[in-house]
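What follows is a single structure, written as structure tokens, with notes after it.
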Amino acid sequence: MPVDVGYAGRQYPPTAAYEVGRQKLQEFADAVGASHAAHTDPSVARALGYPDVIAPPTFAVLVAQRAEAQLFEDPAAGIDFSRVVHADERFTHHRPIHAGDRLVTVLHVDSITVRAGLAMITTRAEIAAEDGEPVTTVISTLAVRPEDS
């Protein structure tokens, strides 16, 4: 089944809140080699003016992927995730993510273009605190290879 280009322009409802925990931030920092103490030591983060430890910049992808699952798990969208190749990822941080945040995300399918069977899907995940304060915008572009490739 080919990717349904009619999904371009779709907006999904907000996700359930994702609670950011210190342990998750430390695990992520360790995994990506982010060694600044503000990612793991609350006293260092507070001395820098943050309410708690802060996430490495790319942590937002974990939150965005929860929202993207709404698109990828929809069989009518025609996206075979085994054929997906990551093409681009961009982050606009409105403020750092920190432990204790409860984040909700609204996913927008900004565009779907198909050329020679290759579908390029660009999504925008608007991540906000539960009170609506913007936190991060994640723009992802994924390539979905055709079945005969």
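Values in this document were obtained by computation on a predicted structure and should not be read as measured data.
- P13 and Q70 make their closest contact through O-OE1, 3.5 Å (heavy atoms, listed as atom of the first residue, atom of the second, distance).
- Panel note: side chain D101, backbone L103; no donor-acceptor pair is recorded below 3.5 Å.
- The minimum heavy-atom distance linking K24 with Y18 is given by the pair CG-OH, 4.1 Å.
- Side-chain atoms of Q65 never come within 3.5 Å of backbone atoms of L62 as a donor-acceptor pair (strictly under, hydrogens ignored).
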Please report, to 0.1 Å, the donor-acceptor pairs under 3.5 Å made by any side chain of residues 47-56, with sequence neighbours excluded.
from : atom 1 : to  : atom 2 : distance (Å)
D52  : OD1    : R22 : NE     : 2.9
D52  : OD1    : R22 : NH2    : 3.4
D52  : OD2    : R22 : NE     : 3.2
D52  : OD2    : R22 : NH2    : 3.1

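- For A64 against A125, the heavy-atom pair with the smallest separation is CB-CB, 3.7 Å.
- Once rounded to the nearest 0.5 Å, the distance linking CG of L107 with OG1 of T105 reads 8.5 Å.
- Take F72 and apply the ring pair (Phe, Tyr, Trp, His ring centres under 6.0 Å) test, not counting sequence neighbours, and it matches F81.
- Sorted by first and then second residue, the pairs that involve residues 84-128 and meet ring pair (Phe, Tyr, Trp, His ring centres under 6.0 Å), not counting sequence neighbours, are F91-H93.
- Only one option out of T122, D88, T123 pairs with T141 in a side chain to side chain donor-acceptor pair (under 3.5 Å); it is T122.
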Please set out all donor-acceptor pairs under 3.5 angstrom arising from side-chain atoms of residues 26-37, sequence neighbours excluded.
from : atom 1 : to  : atom 2 : distance (Å)
E27  : OE2    : Q23 : NE2    : 2.9
H36  : ND1    : A38 : N      : 2.9

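- Partners of R102 according to the side chain to side chain donor-acceptor pair (under 3.5 Å) rule, which considers only residues two or more places apart in sequence or in another chain, are E19, E130.
- Put simply, the side chain of R124 never gets that close to the backbone of T137: no donor and acceptor are under 3.5 Å apart.
- For the pair R10 and D4, the salt-bridge criterion is not met [side-chain N within less than 4.0 Å of a carboxylate O].
- Contact check for R90 versus I139: side-chain heavy atoms found under the 4.5 Å cut-off.
- Every residue meeting the side chain to side chain donor-acceptor pair (under 3.5 Å) condition with Y7, not counting sequence neighbours, appears here in chain and number order: D74.
- Taking each heavy atom of R115 and T113 in turn, the nearest pair found is NH1-CG2, 2.6 Å.
- The heavy-atom pair separating L118 from A143 by the smallest distance is CD1-CB, 4.0 Å.
- Taking each heavy atom of A60 and T136 in turn, the nearest pair found is CB-CG2, 3.7 Å.
- When side chains are defined from C-beta on, Q11 counts as touching V106, because their heavy atoms get closer than 4.5 Å.
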